[in-house]
Amino acid sequence: MIKQNITQLLSELPQDVELVVVAKNRSPGEVLEAVEAGIRIIGENYVQEAEETYALVGTKVKWHFIGHLQSNKVKKAVRIFDMIETVDSAKIAHQINKSCWLIDKVMPILIEINSGHEKQKSGVLPENAELLVKDIAVLNNIRVKGLMTMGPRLGDPEDARPYFAETKRIFDHIKNLAIDNIKMRYLSMGMTNSYKVAIEEGANIIRIGSMIFGKRI
Ligand SMILES: *Cc1c(COP(=O)(O)O)cnc(C)c1O
(Lines give C-alpha, C1' and ligand atoms only; values in the text may rest on other atoms or scores of the structure.)
Protein backbone atom coordinates (compact mmCIF):
# COMPACT_ATOMS: atom_id res chain seq x y z
CA MET A 1 0.00 0.00 0.00
CA ILE A 2 2.70 2.48 1.03
CA LYS A 3 4.69 1.71 -2.10
CA GLN A 4 1.67 2.01 -4.38
CA ASN A 5 0.61 5.29 -2.79
CA ILE A 6 4.08 6.73 -3.31
CA THR A 7 4.40 5.53 -6.89
CA GLN A 8 1.01 7.01 -7.68
CA LEU A 9 1.80 10.34 -6.05
CA LEU A 10 5.26 10.66 -7.62
CA SER A 11 3.82 9.97 -11.06
CA GLU A 12 1.38 12.88 -10.62
CA LEU A 13 3.82 15.50 -9.37
CA PRO A 14 5.44 18.07 -11.64
CA GLN A 15 9.20 17.49 -11.96
CA ASP A 16 10.22 20.56 -10.00
CA VAL A 17 8.10 19.67 -6.95
CA GLU A 18 9.86 17.79 -4.13
CA LEU A 19 7.89 15.37 -1.98
CA VAL A 20 8.58 15.37 1.76
CA VAL A 21 7.14 12.22 3.30
CA VAL A 22 5.85 13.12 6.75
CA ALA A 23 6.72 10.40 9.24
CA LYS A 24 5.05 11.65 12.41
CA ASN A 25 3.60 8.86 14.51
CA ARG A 26 4.73 6.20 12.01
CA SER A 27 6.95 3.29 12.94
CA PRO A 28 10.52 3.19 11.64
CA GLY A 29 9.50 0.10 9.64
CA GLU A 30 6.75 1.99 7.83
CA VAL A 31 9.13 4.81 7.03
CA LEU A 32 11.71 2.35 5.71
CA GLU A 33 9.04 0.95 3.40
CA ALA A 34 8.52 4.46 2.02
CA VAL A 35 12.26 4.89 1.55
CA GLU A 36 12.44 1.64 -0.37
CA ALA A 37 9.66 2.90 -2.62
CA GLY A 38 12.03 5.60 -3.82
CA ILE A 39 11.35 8.75 -1.82
CA ARG A 40 14.14 11.23 -1.23
CA ILE A 41 13.08 13.30 1.78
CA ILE A 42 11.57 12.43 5.17
CA GLY A 43 9.85 15.09 7.26
CA GLU A 44 9.87 14.73 11.04
CA ASN A 45 8.02 16.79 13.67
CA TYR A 46 9.79 15.34 16.69
CA VAL A 47 13.53 15.06 17.25
CA GLN A 48 13.25 11.97 19.42
CA GLU A 49 11.09 10.12 16.91
CA ALA A 50 13.53 11.13 14.18
CA GLU A 51 16.44 9.62 16.12
CA GLU A 52 14.71 6.24 16.23
CA THR A 53 13.87 6.23 12.56
CA TYR A 54 17.29 7.62 11.65
CA ALA A 55 18.89 4.65 13.39
CA LEU A 56 17.13 2.38 10.89
CA VAL A 57 17.06 4.50 7.74
CA GLY A 58 20.18 6.64 8.08
CA THR A 59 21.46 8.80 5.25
CA LYS A 60 19.75 7.01 2.36
CA VAL A 61 17.40 10.00 2.33
CA LYS A 62 17.46 13.67 3.33
CA TRP A 63 15.83 14.72 6.59
CA HIS A 64 13.70 17.83 7.01
CA PHE A 65 12.59 19.07 10.40
CA ILE A 66 8.98 20.33 10.14
CA GLY A 67 7.85 20.56 13.77
CA HIS A 68 8.21 23.18 16.44
CA LEU A 69 11.87 23.12 17.48
CA GLN A 70 12.52 23.51 21.19
CA SER A 71 15.77 25.09 22.36
CA ASN A 72 16.85 22.01 24.27
CA LYS A 73 16.57 19.87 21.11
CA VAL A 74 18.60 22.07 18.78
CA LYS A 75 21.92 20.33 19.39
CA LYS A 76 20.52 16.92 18.45
CA ALA A 77 18.46 18.30 15.59
CA VAL A 78 21.39 19.89 13.76
CA ARG A 79 23.19 16.54 13.66
CA ILE A 80 20.30 14.64 12.09
CA PHE A 81 18.60 17.14 9.81
CA ASP A 82 19.58 18.42 6.39
CA MET A 83 17.06 21.25 6.51
CA ILE A 84 15.01 22.95 9.22
CA GLU A 85 11.77 24.22 7.68
CA THR A 86 10.28 25.89 10.73
CA VAL A 87 12.49 28.78 11.83
CA ASP A 88 10.23 31.53 13.14
CA SER A 89 12.35 33.68 15.44
CA ALA A 90 15.79 35.26 15.58
CA LYS A 91 16.31 33.41 18.85
CA ILE A 92 15.95 29.92 17.41
CA ALA A 93 17.95 30.95 14.33
CA HIS A 94 20.85 32.02 16.55
CA GLN A 95 20.67 28.76 18.49
CA ILE A 96 20.75 26.70 15.30
CA ASN A 97 23.60 28.84 14.00
CA LYS A 98 25.64 28.32 17.14
CA SER A 99 25.08 24.55 17.31
CA CYS A 100 25.99 24.23 13.63
CA TRP A 101 29.12 26.29 14.13
CA LEU A 102 30.20 23.85 16.83
CA ILE A 103 30.03 20.92 14.41
CA ASP A 104 31.21 22.86 11.37
CA LYS A 105 27.96 22.57 9.45
CA VAL A 106 25.92 25.07 7.43
CA MET A 107 22.18 24.42 7.84
CA PRO A 108 19.70 25.29 5.11
CA ILE A 109 16.57 26.72 6.73
CA LEU A 110 13.12 27.88 5.72
CA ILE A 111 11.21 30.61 7.51
CA GLU A 112 7.82 29.42 8.73
CA ILE A 113 5.07 31.93 7.98
CA ASN A 114 1.94 32.06 10.12
CA SER A 115 -0.12 32.86 7.05
CA GLY A 116 -3.42 32.46 8.86
CA HIS A 117 -2.47 35.00 11.54
CA GLU A 118 -3.57 32.39 14.07
CA LYS A 119 -2.65 33.35 17.62
CA GLN A 120 -1.86 29.89 18.93
CA LYS A 121 0.11 28.78 15.86
CA SER A 122 3.85 28.91 15.35
CA GLY A 123 5.42 30.84 12.50
CA VAL A 124 6.34 34.47 12.01
CA LEU A 125 3.53 36.84 11.03
CA PRO A 126 3.63 37.82 7.35
CA GLU A 127 4.39 41.46 8.15
CA ASN A 128 7.45 40.49 10.22
CA ALA A 129 9.02 38.03 7.79
CA GLU A 130 11.22 40.48 5.92
CA LEU A 131 12.74 41.87 9.08
CA LEU A 132 13.48 38.39 10.42
CA VAL A 133 15.20 37.34 7.20
CA LYS A 134 17.34 40.50 7.16
CA ASP A 135 18.17 39.98 10.81
CA ILE A 136 19.53 36.46 10.39
CA ALA A 137 21.06 36.83 6.91
CA VAL A 138 24.41 37.65 8.51
CA LEU A 139 24.69 34.34 10.38
CA ASN A 140 27.38 32.15 8.82
CA ASN A 141 26.16 28.69 9.80
CA ILE A 142 22.60 28.91 8.54
CA ARG A 143 21.32 29.74 5.05
CA VAL A 144 17.80 30.98 4.41
CA LYS A 145 16.52 29.08 1.37
CA GLY A 146 12.85 29.97 1.32
CA LEU A 147 9.56 29.83 3.19
CA MET A 148 7.22 27.25 4.65
CA THR A 149 3.61 27.56 5.76
CA MET A 150 0.91 25.32 7.16
CA GLY A 151 -2.08 27.52 6.53
CA PRO A 152 -5.19 27.00 8.61
CA ARG A 153 -6.34 23.38 8.71
CA LEU A 154 -9.61 23.53 6.89
CA GLY A 155 -11.93 21.05 5.33
CA ASP A 156 -12.06 22.56 1.89
CA PRO A 157 -8.64 22.91 0.25
CA GLU A 158 -9.90 25.91 -1.73
CA ASP A 159 -10.14 27.79 1.56
CA ALA A 160 -6.36 27.44 1.98
CA ARG A 161 -5.63 29.12 -1.37
CA PRO A 162 -5.46 32.75 -0.11
CA TYR A 163 -2.96 31.74 2.59
CA PHE A 164 -0.74 29.95 0.10
CA ALA A 165 -1.00 32.90 -2.29
CA GLU A 166 -0.01 35.32 0.45
CA THR A 167 3.01 33.19 1.37
CA LYS A 168 4.04 33.13 -2.31
CA ARG A 169 3.80 36.94 -2.40
CA ILE A 170 6.12 37.20 0.61
CA PHE A 171 8.46 34.70 -1.05
CA ASP A 172 8.64 36.77 -4.24
CA HIS A 173 9.03 40.00 -2.30
CA ILE A 174 11.99 38.73 -0.28
CA LYS A 175 13.50 37.18 -3.39
CA ASN A 176 13.30 40.53 -5.17
CA LEU A 177 15.10 42.25 -2.31
CA ALA A 178 18.18 40.20 -3.28
CA ILE A 179 19.56 40.22 0.27
CA ASP A 180 23.22 39.20 0.58
CA ASN A 181 23.62 35.56 1.56
CA ILE A 182 19.97 34.70 0.83
CA LYS A 183 18.89 32.55 -2.09
CA MET A 184 15.12 32.10 -2.12
CA ARG A 185 14.58 28.73 -3.75
CA TYR A 186 12.04 26.64 -1.83
CA LEU A 187 8.42 27.22 -1.00
CA SER A 188 7.07 24.43 1.22
CA MET A 189 3.26 24.39 1.29
CA GLY A 190 0.49 21.84 1.12
CA MET A 191 -0.40 18.61 2.86
CA THR A 192 -2.60 15.65 1.96
CA ASN A 193 -5.79 17.62 1.51
CA SER A 194 -4.29 20.78 0.04
CA TYR A 195 -1.21 19.88 -2.01
CA LYS A 196 -2.82 20.38 -5.40
CA VAL A 197 -3.91 23.90 -4.52
CA ALA A 198 -0.49 24.56 -3.00
CA ILE A 199 1.29 23.55 -6.21
CA GLU A 200 -1.02 25.79 -8.23
CA GLU A 201 -0.01 28.64 -5.92
CA GLY A 202 3.71 28.01 -6.39
CA ALA A 203 4.80 25.36 -3.87
CA ASN A 204 7.88 23.37 -4.87
CA ILE A 205 7.98 21.31 -1.68
CA ILE A 206 4.87 19.50 -0.47
CA ARG A 207 4.63 17.62 2.83
CA ILE A 208 2.46 14.51 2.73
CA GLY A 209 1.68 12.01 5.50
CA SER A 210 -1.75 10.44 5.61
CA MET A 211 -2.15 10.07 1.85
CA ILE A 212 0.86 7.72 1.94
CA PHE A 213 0.54 5.95 5.27
CA GLY A 214 -3.19 6.15 5.87
CA LYS A 215 -5.00 8.15 8.54
CA ARG A 216 -3.10 8.80 11.76
CA ILE A 217 -4.66 7.09 14.75
C1 LIG B 1 1.38 16.28 9.82
C2 LIG B 1 2.01 17.33 8.98
C3 LIG B 1 1.95 17.28 7.58
C4 LIG B 1 1.25 16.18 6.81
O5 LIG B 1 -0.10 16.17 7.03
P6 LIG B 1 -1.04 15.08 6.27
O7 LIG B 1 -2.37 15.70 6.31
O8 LIG B 1 -0.93 13.81 7.05
O9 LIG B 1 -0.51 14.94 4.89
C10 LIG B 1 2.60 18.28 6.88
N11 LIG B 1 3.26 19.27 7.49
C12 LIG B 1 3.35 19.35 8.82
C13 LIG B 1 4.11 20.47 9.44
C14 LIG B 1 2.73 18.38 9.61
O15 LIG B 1 2.81 18.48 10.94
Side-chain angles (χ1 to χ4, degrees), residues 1-10 12-13 17-28 30-31 33-35 37 39-50 52-53 61-70 73 77 80-89 92 96 108-118 120-124 129 145-161 163-164 166-168 171 186-217:
M1 272 305 272
I2 292 175
K3 185 172 193 302
Q4 281 162 296
N5 292 344
I6 288 172
T7 307
Q8 174 65 34
L9 182 56
L10 288 176
E12 273 178 28
L13 292 183
V17 176
E18 290 275 9
L19 170 66
V20 171
V21 173
V22 175
K24 71 167 172 263
N25 304 333
R26 310 298 176 178
S27 71
E30 286 175 290
V31 180
E33 215 177 312
V35 171
I39 62 145
R40 297 201 296 204
I41 310 171
I42 294 174
E44 283 278 4
N45 295 65
Y46 309 108
V47 175
Q48 191 169 337
E49 193 178 86
E52 288 164 28
T53 309
V61 287
K62 298 287 185 196
W63 295 76
H64 285 201
F65 187 77
I66 61 169
H68 182 69
L69 187 55
Q70 293 167 303
K73 297 283 166 60
I80 295 176
F81 291 99
D82 301 291
M83 181 183 277
I84 296 176
E85 294 200 12
T86 48
V87 173
D88 65 355
S89 70
I92 199 74
I96 295 166
I109 64 164
L110 305 182
I111 303 297
E112 181 178 0
I113 306 292
N114 180 355
S115 55
H117 287 83
E118 293 168 288
Q120 70 287 9
K121 280 266 179 76
S122 52
V124 64
K145 298 276 191 185
L147 305 181
M148 176 271 204
T149 198
M150 294 276 284
R153 261 193 193 271
L154 301 158
D156 184 350
E158 273 305 321
D159 294 341
R161 192 182 291 279
Y163 304 98
F164 293 154
E166 162 141 41
T167 307
K168 174 66 158 70
F171 179 89
Y186 296 112
L187 185 54
S188 174
M189 319 191 284
M191 310 187 288
T192 291
N193 82 334
S194 59
Y195 75 93
K196 286 181 181 158
V197 172
I199 291 170
E200 285 167 10
E201 295 302 330
N204 56 16
I205 296 179
I206 58 169
R207 309 178 310 269
I208 307 282
S210 34
M211 187 181 174
I212 290 167
F213 296 111
K215 273 215 163 71
R216 275 181 299 278
I217 342 143

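Computed from a predicted structure; not experimentally measured. One-based numbering, in listed order, for ligands and for the atoms of each.
- Between P108 and D82, the shortest heavy-atom distance links the atoms CD-O, 3.2 Å.
- Shown here are the salt bridge (charged side-chain N to carboxylate O under 4.0 Å, His left out) partners of E118, two or more places apart in sequence or in another chain: K121.
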Under 3.5 Å: N or O atoms of ligand 1 paired with protein N or O:
from, atom 1, to, atom 2, distance (Å)
ligand 1, 7 (O), S210, OG, 3.4
ligand 1, 8 (O), S210, N, 2.8
ligand 1, 8 (O), S210, OG, 2.8
ligand 1, 8 (O), R216, NH1, 2.8
ligand 1, 8 (O), R216, NH2, 3.4
ligand 1, 9 (O), T192, N, 3.0
ligand 1, 9 (O), T192, OG1, 2.5
ligand 1, 9 (O), G209, N, 2.8
ligand 1, 11 (N), R207, NE, 2.9
ligand 1, 15 (O), K24, NZ, 2.7
ligand 1, 15 (O), N45, ND2, 2.8

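- Taking CE from M189 and CD1 from I206, the interatomic distance works out to 11.0 Å, rounded to the nearest 0.5 Å.
- Shown here are the salt bridge (charged side-chain N to carboxylate O under 4.0 Å, His left out) partners of E18, two or more places apart in sequence or in another chain: R40.
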Evaluate the criterion salt bridge (charged side-chain N to carboxylate O under 4.0 Å, His left out) for residue pair E33 and K3; output intermediate values, then yes/no.
-> CA-CA 7 Å; E33 215 177 312; K3 185 172 193 302; over 6 Å; no
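- By the side chain to side chain contact (heavy atoms under 4.5 Å, CB included) test, Y46 pairs with K24, N25, E49, sequence neighbours left out.
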